[in-house]
Amino acid sequence: MGERVLSPEELKADWHRFSNLAPNQRQIYLGQLLNPHSPLYNMAMLFHVDGLIEKDLFDQSLNWVIAHTDSLKGVIEIHDGVPTVTVKNDRVFESEYVDLRGRAGAEIDDWIQARISRPINLEACTFDSVILRLGEDSTGWLFIQHHVVSDMASFEIIFRRVSESYRLFLDGRSPTESWVAQSSSISVEAASVDDPAETGATRSGRKQQLEFYGNRRLEKTTRSTRVATKLNPDQQHDMDSRAGEERFFFLNRELTLFCLYTAAFAIYLHKVCNKDRFNIGMPVHNRSAGAGKNTPGLFVEIFPLELELGEDDTFITVFSKVRSEVLSALKDSGQGPVRAEQARDLEVVVNFMATQFGDFAALPCRAEWLDAGHIDPQHALRLQVLSLNRDEPVSLYFDSNQAALSPGKAEAAIRHFVEVLTQSLAKPKAPGSEIGLLPKTHGQALASQIIHQPFSGSVLEKFEAQFLQNQDRIAA
């Protein structure tokens, strides 16, 4: 163990003592400090490669990338009680090799889950890398990074560089530094950033307490449930069609899609939380141009979108409100880091990720985003929208805090959201009161969730609410 770190209260009292940690890193480090045994900031990807990876050659490639990437060389050491990023220029990493051939799929999944759930010792290394032999002609690369030095875009940059250098080494050539950005989000330049409690974006970050389906959170936990679904071809077609309409277009396709998903999510929240006013967190990735576009590190910040909805609001009017808030947030993002208390107050987040992965050194590869089963304790629900692989349908993830939604209820929650999304895209001029949580022709066994009263849904939806509210009781 290293030197004693100051307590969270001591650190919060004097932001400037964080030395060269950037403001967004400070929030994550504090969150980890408050939950030292939780892997809530472990970010993990499993790359399924159709072919065999030579481990020695892979480590040679990975270490070449490490040598040219400060975020992979950095550790967070304690100096005079203050966490400080130190770049270890002599870093050499050897990936563990694990042969999982012949094991059942469930056993492999359990092994991987156990590995990604191990807290990362930031004083030793901020990442982990394992080569998995999955079959006679298949390999997996399990790559885990701590969020304090990384974001999703960093995974793609590092993956691409390791892939390119591996192919060059395989061909007997050496990679050059021409495609390596030399800057890093954890450079000592971060030390000059002002205290976010005094400067930066000035949005109000309205305090909120959302109750999902009438469930009041009486405790805090980092444990979360991930539920995933994919858009079907009809839903994808409707989304693409709306994104192509002039009335919905906003700056670029990525922001347009973000606003479309967020508008549907806002309608969903309005229906199930019985709130007219709430905030939705929007991650701003800060990688639009310059060296940062190809620099691994933590660039993302979360800004609040302040929304107010009424029963007469339509998908079109909600989209307009979201678009206006996004524009304001983007303007604020140029004024400095978001205030710390604003980020802490957010309970729901929509994260639209356009990141996609290609082949690994000319070998077919499929990227899989893994979940360590933990979330920021203040977050109740995150909607994650992504398509990591080419020609793959868009995936929707609900990452829900188990204090806000039980695992069983989370499964129904994402179905309710998809139904709201489907109806909103089909009937953009319909008031929200006409958008239901269940298909009109729903006739199968009732899916989950307690509906918060008063509830203005159909008779069927009210019946489902009562059924689910009492589903754990013995029938009389």
Side-chain angles (χ1 to χ4, degrees), residues 1-3 5 17-26 28-29 32 41-43 45 55-97 118-131 141-151 153-169 173-193 286-287 290-300:
M1 295 295 292
E3 181 182 342
V5 64
R17 296 202 66 203
F18 269 100
S19 184
N20 59 351
L21 278 175
N24 52 351
Q25 292 177 304
R26 298 169 186 172
I28 293 174
Y29 187 87
Q32 188 66 76
Y41 294 118
N42 284 13
M43 304 175 64
M45 296 289 298
K55 180 185 176 299
D56 291 343
L57 202 60
F58 176 87
D59 278 342
Q60 182 182 4
S61 306
L62 178 60
N63 279 297
W64 194 93
V65 173
I66 290 172
H68 297 86
T69 307
D70 282 357
S71 65
L72 294 177
K73 291 186 289 185
V75 297
I76 300 182
E77 298 179 330
I78 309 303
H79 298 289
D80 297 325
V82 177
T84 304
V85 173
T86 303
V87 176
K88 301 291 187 180
N89 289 313
D90 58 350
R91 164 81 68 202
V92 176
F93 190 90
E94 182 178 356
S95 302
E96 185 176 349
Y97 178 87
R118 300 195 316 193
I120 293 175
N121 179 6
L122 295 174
E123 293 187 59
C125 189
T126 61
F127 68 91
D128 188 17
S129 174
V130 186
I131 298 298
W141 174 25
L142 179 61
F143 189 46
I144 308 164
Q145 295 187 91
H146 196 284
H147 196 15
V148 76
V149 294
S150 183
D151 52 28
S154 294
F155 274 98
E156 191 280 328
I157 297 168
I158 293 170
F159 172 85
R160 174 164 33 94
R161 290 180 178 175
V162 172
S163 170
E164 292 171 353
S165 58
Y166 182 92
R167 189 171 185 181
L168 288 170
F169 283 129
R173 296 180 290 163
S174 297
T176 65
E177 298 184 16
S178 60
W179 47 270
V180 176
Q182 295 301 312
S183 60
S184 170
S185 68
I186 61 169
S187 68
V188 293
E189 295 173 3
S192 64
V193 176
N286 297 319
R287 291 178 178 274
K293 190 170 185 178
N294 286 300
T295 302
L298 178 64
F299 285 74
V300 69

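The figures that follow rest on heavy atoms only: side chains count, while hydrogens, waters and symmetry mates do not. It should be emphasised that the depicted structure is a prediction, and the values quoted were computed from it without experimental measurement. The chain is numbered in sequence order, starting from 1.
- Here the closest heavy-atom approach between residue D59 and residue S95 is recorded as OD1-OG, 2.8 Å.
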Between D70 and V85, does the side-chain contact (heavy atoms from CB on, under 4.5 Å) criterion hold? Intermediate values first, please. CA-CA 10 Å; D70 282 357; V85 173; over 6 Å; no
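- At distances below 3.5 Å, not a single donor-acceptor pair connects side-chain atoms of T126 with backbone N or O atoms of L122.
- Looking at heavy atoms from C-beta onward, W141 lies in side-chain contact with I131 at the 4.5 angstrom threshold.
- Between F93 and D128, some side-chain heavy-atom pair lies under the 4.5 Å cut-off.
- Nearest approach of P175 to L168, heavy atoms of both residues: CA-CD1, 3.5 Å.
- Here F159 and F143 keep their ring centres 6.0 angstrom or further from each other.
- Here the straight-line distance linking atom CD1 of I66 with atom CG of N89 works out to 12.5 Å at 0.5 Å rounding.
- To the nearest 0.5 Å, the span separating CG on L142 from CE on M45 amounts to 10.5 Å.
- Here the closest heavy-atom approach between residue T86 and residue H79 is recorded as OG1-NE2, 3.9 Å.
- Of all heavy-atom pairs spanning S165 and S61, the tightest one is OG-CB, 3.3 Å.
- Judged by distance alone, with hydrogens and angles left aside, the side-chain atoms of N24 form a donor-acceptor pair with the main-chain N or O of V300 at under 3.5 Å.
- The main-chain N or O of T84 is never found under 3.5 Å from a side-chain atom of N20 such that the two would form a donor-acceptor pair.
- Looking at every heavy atom in both residues, I28 comes nearest to L298 through CD1-CD2, 3.7 Å.
- Distance CD/Q32 to CD/Q25: 13.5 Å, rounded to 0.5 Å.
- For R91, the CZ atom is densely surrounded, since the number of other residues' heavy atoms within 6.0 Å is greater than 12.
- Under the 30°/60° scheme for interplanar angles, the aromatic rings of Y41 and H147 are found to be tilted.
- The number of heavy-atom neighbours closer than 6.0 Å to NZ of K88, taken from other residues, nucleotides and ligands shown, is 12 or below.
- Side-chain contact between E123 and V75 is absent, with no heavy-atom pair separated by less than 4.5 Å.
- The side chain to side chain contact (heavy atoms under 4.5 Å, CB included) with Q145 is formed by just one residue from the set I120, I158, N42, D151; it is I158.
- Relative orientation of the Y166 and F58 rings is tilted, given thresholds of 30° and 60° on the angle between their planes.
- The main-chain N or O of A67 is found under 3.5 Å from a side-chain atom of K73 such that the two form a donor-acceptor pair.
- Nearest heavy-atom pair across R161 and P296 is NH1-CD, 3.6 Å.
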